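Computed from a predicted structure; not experimentally measured. Heads up: numbering here begins at 1 and tracks the sequence.
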Amino acid sequence: MQKKSLAYQLTAVITTLMTVILILVVSITSVRTSRDLQNKIYASTRTLLELQIKNVSAYFSGMNAFSLTPRNDIRFLKIISSDNRNDYSTKEYLMSVVRNAYYQRDDLVDYSIYVVNQNRGYFISRENRNVSERPLADITSDPLYAEFSRPRYYRAVVPAEYKGNLLVYYRTIINIEDGRPLAFVRFTVDPSWFDKTLSSGQPGELTVLRNKKGNIYYRDVSGIINLSSVETDNCLTISAESGDEEWNLTTYISKNQLDSYLSETRTITFTVGVLFIIVSVILLTFFIRILMRPLSILAKQLRSTGQGNFKTKISISGCTEITLLSDEYNTMISRIDELIEKNYIAELNWKSAQLSALESQINPHFLYNTLQTLSAEAIENDQMKINDMVMALSSMLKYTIRGPETVTLKTELEHVKDYLFLQKARFENRLTYEILVAGGIEELPVPKISVTTLVENSIIHGMSKTADSVRIEITAEHAGGKLVITVTDDGAGIPADRLAEIQNQLACQDLYEPARQMKSREAECIGLRNLSNRLKLLYGKTARLCIYSTQFTGTSTVMEVDDV
């Protein structure tokens, strides 16, 4: 990408952003639409199930009433209550009761009545439309006898065993006076009413009817999902119960069915988004080329400038930023051209100055020879102190002018001794000093004239405002991987406000800011500031130069540098 043009990069970046935004919008919209649709489906299905469960309750109430229809027949009730034996007319009447009851409903698969006092049963079914007579077996041996002969309800409803049937209904007709069973009504019902009422017709939905014991009576055969896998298929489950809590109606909607509702909307949204991106990229490429044309002109001119043409200026129209860039370029070209001319003239002047300097340069050997002549003259006149002072000054000049940026601690301290020797000759008994160096550190490197600067600062500021004698102590030690050099004096000290100014200047991170903002008063600590800048240049942030002082008590200056 970095090797491509800016127009290509902008097009690629904006296209990528638009694609990501499209994907995010489609994803968020799909999630929200899915959630809203699921809530709507849940609410509408729950409302439908509540209506359906009421119809189911009404259906079973009607079935209960239907099972008691023969009891409303007075002649039938007399027949099953009397002890008279079976005769032809009684038999025909009982058959007509069975026949009439069977044809009252369209959902009956079979219907039968068993009369206890006659020990006979009458049966009709879809396979045999004629009522047939059957002997009554021991009804008490029926597994459901205990349930449909139980007082208060005297009925039982069980799922049908044969495929295509819904349930089998048992009803016991009893003698009200003593509770003695007189007859048993049994009929089988098909699921036609439930298929019309409960079936949704959707392949991804399954409706199941259970009783309060959890026995399944009906399941929607139109659904393709398996009842055993509804829990693992992440289905939406909606349930409703009848008012008497006898029946529970549950609908399972597969997640695939829910996704099918969203697939069309998602496809349309994604297609529109892709078309939007394509059109946007075409328009974006066109407009970027228009916007980038001034920059292309500017780049062409920059190449010309790089070949040395600093005279041609450009005028580019466009947005504010492009126009401003054009003006800045013209200003830069003008300044460069001026600087070239000035630098050319300055170079000529510099060469002339160099020639003049070379002509008037004093050879350092002349100064050294002069100092040696003074030393010889002092020895000849038996002035040994003057000789020592001249030799110390000569050594300091050689040390200052020649040599590398860093020296060993031992060499630096020898230079400090020469400096202190000259200062003691000046101040005599007012100045005393002591140098304490820990063992094994004399060969460690330190910046040249660094310790001398600290000692000079103590002499200048420690003795300038007092007539008392001043003692200077120089210590060098190794601590925490650093070489720590401390110069302490018991001179006049520094006032607190002035000490704070000096500390701020030494802590400044900009090496040139103090020099740019220097005032006349700040020039007093220029030696320490220059040393601090040297330390930062040589050692970086690991070096440290600190000053501590108490007015009328003394001053202590600490320099810390790496031991390498």
Side-chain angles (χ1 to χ4, degrees), residues 56-84 86 89-162 165-194 211 215 217-218 246-247:
V56 170
S57 297
Y59 177 83
F60 280 102
S61 297
M63 190 176 295
N64 290 334
F66 171 75
S67 67
L68 293 173
T69 300
R71 186 177 181 82
N72 298 329
D73 190 329
I74 298 176
R75 182 178 177 184
F76 174 79
L77 192 59
K78 288 182 178 180
I79 292 175
I80 63 176
S81 301
S82 65
D83 295 332
N84 296 331
N86 185 17
S89 61
T90 300
K91 176 181 176 181
E92 287 295 324
Y93 187 79
L94 292 176
M95 288 184 175
S96 65
V97 170
V98 172
R99 187 180 301 108
N100 292 336
Y102 175 76
Y103 285 106
Q104 286 182 17
R105 298 177 65 96
D106 296 332
D107 57 350
L108 294 182
V109 179
D110 57 53
Y111 185 88
S112 59
I113 295 179
Y114 296 89
V115 182
V116 175
N117 62 358
Q118 296 185 9
N119 198 26
R120 303 292 295 179
Y122 301 91
F123 177 81
I124 188 173
S125 65
R126 290 179 180 177
E127 288 77 13
N128 186 7
R129 299 288 178 144
N130 295 321
V131 180
S132 59
E133 182 182 4
R134 297 179 179 180
L136 179 62
D138 185 7
I139 195 66
T140 59
S141 62
D142 192 306
L144 297 175
Y145 178 78
E147 184 174 352
F148 63 74
S149 64
R150 186 170 54 192
R152 185 180 178 183
Y153 294 106
Y154 294 102
R155 70 174 184 270
V157 183
V158 296
E161 297 179 356
Y162 297 100
N165 297 339
L166 178 68
L167 55 85
V168 179
Y169 196 100
Y170 294 86
R171 166 65 71 176
T172 301
I173 300 177
I174 63 171
N175 189 329
I176 301 300
E177 297 177 354
D178 55 9
R180 178 172 52 87
L182 300 178
F184 301 96
V185 176
R186 179 188 180 280
F187 55 86
T188 304
V189 179
D190 65 19
S192 59
W193 182 87
F194 291 88
N211 64 356
N215 298 326
Y217 282 78
Y218 173 79
E246 285 285 337
W247 302 100

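Side-chain contact between Glu246 and Asn211 is absent, with no heavy-atom pair separated by less than 4.5 Å. Taking the side chain as every heavy atom from C-beta outward, Val116 and Arg180 never approach each other to under 4.5 Å. Side chains of Leu68 and Asn64 form no contact here, defined as non-hydrogen atoms less than 4.5 Å apart.
Residue Asp106 qualifies as open at atom CG: its count of foreign heavy atoms under 6.0 Å is 12 or below. The environment of CD1 in Ile176 is crowded: more than 12 heavy-atom neighbours from other residues, nucleotides or ligands sit within 6.0 Å.
Rounded to the nearest 0.5 angstrom, Arg129 CZ and Tyr103 OH are separated by 5.0 Å. For the atom pair CG of Leu108 and CZ of Arg126, the computed distance is 7.5 Å after rounding to the nearest 0.5 Å. Remark: Phe60 CZ to Trp247 CH2 distance equals 3.5 Å, nearest 0.5 Å. Rounded to the nearest 0.5 Å, atoms CZ (Arg105) and OG1 (Thr69) are 9.0 Å apart. To the nearest 0.5 Å, atoms CG (Leu182) and CG (Leu77) are separated by 7.0 Å. Rounded to the nearest 0.5 Å, atoms CH2 (Trp193) and CE (Met63) are 9.0 Å apart.
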Stepwise side-chain contact (heavy atoms from CB on, under 4.5 Å) test for Asn128 and Phe123: CA-CA 9 Å; Asn128 186 7; Phe123 177 81; 5.8 Å; no
Working for ring-ring contact (aromatic ring centres under 6.0 Å, His included), residues Phe187 and Phe66: CA-CA 10 Å; Phe187 55 86; Phe66 171 75; 5.3 Å; yes
Go through Arg120 and Leu94 one step at a time and tell me if the side-chain contact (heavy atoms from CB on, under 4.5 Å) criterion holds. CA-CA 10 Å; Arg120 303 292 295 179; Leu94 292 176; over 6 Å; no
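Within the 3.5 Å criterion, the main-chain N or O of Ala156 finds no donor-acceptor partner in the side chain of Arg150. A donor-acceptor contact shorter than 3.5 Å is absent between the side chain of Asn175 and the backbone of Ser81. Put simply, the side chain of Asp107 never gets that close to the backbone of Asp190: no donor and acceptor are under 3.5 Å apart.
The shortest heavy-atom contact between Tyr122 and Val98 is CB-CG2, 3.8 Å. Across Leu166 and Tyr217, no two heavy atoms sit closer than the pair CD1-O, 2.9 Å. Ser67 and Arg171 make their closest contact through OG-NE, 3.0 Å (heavy atoms, listed as atom of the first residue, atom of the second, distance). Between Thr188 and Arg186, the closest heavy-atom pair is OG1-NH1, 3.9 Å. Residues Ala160 and Val168 share a closest heavy-atom pair of CA-CG2, 4.2 Å.
Centroid-to-centroid, the aromatic rings of Phe148 and Phe184 come within less than 6.0 Å.
For Tyr93, the side chain to side chain contact (heavy atoms under 4.5 Å, CB included) partners are Asp73, Arg75, Phe76, Ile79, Ser96, Val97, not counting sequence neighbours.
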